[in-house]
Amino acid sequence: MITGVPEGWPTDEAAARAVQDALRDRVVRDETGPAPGTGTVTGIDVAYDDARDLVAAAAVVLDAATLDVVEEATAVGRVAFPYVPGLLAFREIPAVLGALKALRTDPGLVVCDGYGLAHPRRFGLASHLGVLTGLPTMGVAKNPFAFEHGSLGQERGSAVALRDGDEEVGRALRTRDGVKPVYVSVGHRVSLAGVCAHTLALTPAYRLPETTRRADRLCRDALIDLSARP
DNA sequence: GCGACAG
DNA sequence: ATCTTGTCGC
């Protein structure tokens, strides 16, 4: 079955920006979720089949201490919004909500692909998902988008401020020695220091968090299963 | 106006 | 995101 779009979901860019402006003040920057390495952590990701206007979302719950998979869920929906830089949430969140709703386990901390407060209006995908669900969330992106940062050490754990002008909106964080950093930011109910700690706890072997890697694989597989049996 | 621009 | 071959290295 196909996940629908939430009531009142914006249809155009102006309406979408208005939604961001209306919700941005609800973001909580304090650490009120599970501590790094405790409870559960859930990876979220989405894959597209533009030709058929379909989107598959995946949610993978891991035990934060062992990184073992506790539960997996997927949801399929229609593409709800075009890709517009700064409005990614409107494209991905409807299907993601479907996958989260299918879980029986408490998601704990939700790790998103993309940004939270590191956003032109300080309300990226991770923050938006957090405010909508009330869950603690954080963003881990592969690219710095339009933000700037100075150089950082080559060792895993090195970090430097990700800036929008003079404001620190996130961090560039090295998760593997000598490998390109990831770009992390607060989503909801986490602190920036906490985001870095959680990210390092999720990257014992690869540049990207285990949550992201598992969710990425699952939503791609879900899309393939869909092609095999339309 | 032009280019850049999370996924 | 997605389209795609080989290739260097542990």
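By convention in this document, chain letters (A, B, ...) are assigned in the order of the sequence lines, proteins followed by strands, and residues within each chain are numbered from 1.
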Could you go over nucleotides 1-7 of chain B and give all protein N or O partners under 3.5 Å, atom names and distances?
from	atom 1	to	atom 2	distance (Å)
B:dA6	OP2	A:Y83	OH	3.1
B:dA6	N7	A:G86	N	3.2
B:dA6	N6	A:G86	O	3.2
B:dA6	N6	A:L87	N	3.4
B:dA6	N6	A:L88	N	3.2
B:dA6	N1	A:L125	N	3.2
B:dA6	N3	A:Y115	N	3.0
B:dG7	OP1	A:K142	N	2.9
B:dG7	OP2	A:N143	ND2	2.7

What are the residues of residues 176-211 of chain A, sorted by number, that bring a heavy atom to within less than 4.0 Å of DNA chain B?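 Heavy-atom cutoff 4.0 Å gives no residues at all.
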
For this output row, return yes or no: ring centroids of A:H119 and A:F145 closer than 6.0 angstrom. no

Do A:R176 and A:Y206 form a cation-pi contact, if we require the NZ or CZ to be under 6.0 Å from the six-membered ring centre and within 45 degrees of the ring's axis? no

Could you state the interatomic distance from CD1 (A:I93) to CG (A:L125), rounded to the nearest 0.5 Å?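 Answer rounded to 0.5 Å: 5.5 Å.
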
Kindly compute the distance separating OG (A:S185) from CG (A:L117), expressed to the nearest 0.5 Å. 6.0 Å

Test A:F90 against A:H128 for ring pair (Phe, Tyr, Trp, His ring centres under 6.0 Å), laying out the working first. CA-CA 9 Å; A:F90 297 94; A:H128 199 148; 5.2 Å; yes

For the NZ atom on A:K101, are there more than 12 heavy atoms of other groups (residues, nucleotides or ligands in this structure) within a distance under 6.0 Å?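 No, not enclosed.
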
Salt bridge check, [Y] against [X]: does any charged N sit closer than 4.0 Å to a carboxylate O?
X      : Y      : answer
A:R213 : A:D216 : no
A:R24  : A:D21  : yes
A:R122 : A:D164 : yes

Stems involving DNA chain B: give each as a range paired with a range, ordered by first number, where a stem means at least three consecutive Watson-Crick or G-U wobble pairs under 3.5 Å.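 Stem segments: none to report.
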
What closest approach, in Å, do A:L103 and A:A73 show between heavy atoms, and which atom pair accounts for it?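 Answer, listing the atom of A:L103 first, then A:A73: CD2-CB, 3.6 Å.
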
